[in-house]
Amino acid sequence: MIRPLRVLAALACAAALAGAPASAAPREWPDALSARMQRIKDAQVVRLGYRDSAIPFSYVGPDGRPVGYSLDLCLAVVATLAEDLGVPALRVEYVRVTPVDRVERVASGAVDLECGATTITRERRERVAFSPVIFVTGTRLAVLRGSPIRGLADLAGRRVAVVGGTTNEAAMRDVDRLRGLGLTFVVAADYRDALAVLAGGRADALAADEALLRGVLAETGTARDFRVVGPMFSFEPYGIMAPRGEAALADAAERTLRALAQSREIVWLYDRWFVRPLPGGLSVGLPMSVELRRSFELLGLPPE
């Protein structure tokens, strides 16, 4: 198989309808192609679900195009699919999804791969499939600088902003129930709105995955106005969502991620989005965690 990152630039051209002679025969499948895979092969189009503000995983860049870490991984999977199907290239059609509708969009067939910041959970696995782990994070709190809140123990009776449809909302509601904190929840549509709720004094804290908190603070240029406090109080392993029952699609995703890990290209991709400056000059500044490195080692990442 062609190493995925070497075809990312070519894939971007393919998205603009560029073409070239096929360089490999189609992959031999044990069974006939599913209706979805046949449609992808015939139309030579893959529909990728993207988020518009999940920095740095999936968001709209300065030039108005969807970009991000998860999208780069999905583009690598698309390149693998093109080779498997024996077509010159697959054009990418981007479909916007939200935290509320993303699972339904995959389950219904509106998108072929969801390339965002989606936690792998047992409940979601009942409706969709997931790639191997692409990121590991957890829920933390953001508060205004100068706030007395340092962690969960300081939240009793306070208002907490969450993004609707996220595992962070579910985690906070569980914490509230188990600890009897008497929280009032302010549910926002996305992370920008949730941060605006906090900044405007309509909430005392914002609960979200640490990586997404740092992403929205970088995007809005407000890192000096807020602090991320307390330990993580949930475990959030992310994956690329795909439809259930699509063995060829799942196989392509797993082989792609293994190839990226074994070549160490996945480390380069991680650094591109989490360590180095993002398009437009933003910076998340989040080195790879031990937990994520171990997950990649299971995929074949060589030890340092």
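In this chain, residues are counted from 1 in sequence order.
- Between D72 and R272 there is a salt bridge, since at least one side-chain N of the basic residue sits less than 4.0 Å from a carboxylate O of the acidic one.
- Side-chain atoms of R159 never come within 3.5 Å of backbone atoms of V186 as a donor-acceptor pair (strictly under, hydrogens ignored).
- Of the candidates W273, Y238, Y270, Y238 is the only one forming a ring-ring contact (aromatic ring centres under 6.0 Å, His included) with F57.
- Paired with F135 under the rule ring-ring contact (aromatic ring centres under 6.0 Å, His included), one option of F235, F296, F274 passes, and it is F274.
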Any chance you could lay out the ring-ring contact (aromatic ring centres under 6.0 Å, His included) test for Y50 and Y59, step after step, and finish with the verdict?
CA-CA 7 Å; Y50 75 95; Y59 66 102; over 10 Å; no

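- Looking only at side-chain heavy atoms (C-beta outward), V136 and S295 come within less than 4.5 Å of each other.
- Salt-bridge check for E297 with R293: failed, with every basic side-chain N at 4.0 Å or more from each acidic carboxylate O.
- Looking at heavy atoms from C-beta onward, D209 lies out of side-chain contact with Y191 at the 4.5 angstrom threshold.
- Residues passing the side chain to side chain contact (heavy atoms under 4.5 Å, CB included) test with T98 are R96, V100, D101, sequence neighbours excluded.
- Under a 3.5 Å cut-off, the side chain of R158 and the backbone N or O of D154 do form a donor-acceptor pair.
- E114 and T118 are linked by a side-chain donor-acceptor pair at a separation below 3.5 angstrom, with hydrogens and angles left out of the test.
- By the 4.0 Å N-to-carboxylate-O rule, R127 lies close enough to E104 to be salt-bridged with it.
- Nearest heavy atom pair, residue L144 against residue A199, reads CD2-CA, 4.4 Å.
- By the criterion of side-chain heavy atoms lying less than 4.5 angstrom apart, applied directly or through intervening Ile, Leu, Val, Met, Phe, Trp or Tyr residues, I134 is grouped together with L292 in one hydrophobic cluster.
- For D52 (side chain) and V60 (main-chain N/O), no donor-acceptor pair under 3.5 Å exists by modelled atom type.
- L71 and V267 fall within a single hydrophobic cluster, where Ile, Leu, Val, Met, Phe, Trp and Tyr side chains are chained together by heavy-atom contacts under 4.5 Å.
- Between D112 and R39, at least one side-chain nitrogen of the basic residue sits less than 4.0 Å from a carboxylate oxygen of the acidic one, meeting the salt-bridge criterion.
- Hydrophobic cluster membership differs between V187 and V163, with clusters built from Ile, Leu, Val, Met, Phe, Trp and Tyr side chains linked at under 4.5 angstrom.
- Between the T256 side chain and the A252 main chain, a donor and an acceptor come within less than 3.5 Å of each other.
- Using modelled atom types, one side-chain atom of T80 and one backbone atom of A76 make a donor-acceptor pair closer than 3.5 Å.
- Between E126 and R122, no side-chain nitrogen of the basic residue sits less than 4.0 Å from a carboxylate oxygen of the acidic one, so the salt-bridge criterion is not met.
- In this structure, Y94 OH and S58 OG are separated by 9.0 Å, a value rounded to the nearest 0.5 Å.
- Distance alone, capped at 3.5 Å, is enough to place a donor-acceptor pair between the S234 side chain and the T139 backbone.
- The nearest pair of heavy atoms linking D204 to I149 is O-CD1, 3.5 Å.
- Between the side chain of S70 and the main chain of G116, a donor-acceptor pair closer than 3.5 Å is present.
- Side-chain contact of E236 with T119: a donor-acceptor pair under 3.5 Å is present, judged by distance alone.
- Under the side chain to side chain contact (heavy atoms under 4.5 Å, CB included) criterion, V95 pairs with R47, E93, R105, V111, sequence neighbours left out.
- In this structure, R179 places its CZ atom where only 12 or fewer heavy-atom neighbours from other residues, nucleotides or ligands lie under 6.0 Å away.
- Counting only distance, with no hydrogens or angles, the side chain of D63 and the backbone of R65 share a donor-acceptor pair below 3.5 Å.
- Between R145 and D225 there is no salt bridge, since no side-chain N of the basic residue sits under 4.0 Å from a carboxylate O of the acidic one.
- A salt bridge links R255 to D84: one of the charged nitrogens lies within less than 4.0 Å of a carboxylate oxygen.
- With hydrophobic clusters built from ILVMFWY side chains whose heavy atoms lie under 4.5 angstrom apart, L213 does not share a cluster with F185.
- Proximity of a side-chain donor or acceptor of R192 to a complementary backbone N or O of A189 within less than 3.5 Å is not detected.
- Side chain of S147 to main chain of V143: no donor-acceptor pair is present (N/O by atom type, distance under 3.5 Å, no hydrogens or angles).
- In this structure, I240 CD1 and F130 CZ are separated by 11.0 Å, a value rounded to the nearest 0.5 Å.
- Linking Ile, Leu, Val, Met, Phe, Trp and Tyr residues whenever their side-chain heavy atoms come within less than 4.5 Å leaves V197 and L183 in two separate clusters.
- S34 and E246 form a side-chain donor-acceptor contact under 3.5 Å, judged by distance and modelled atom types alone.
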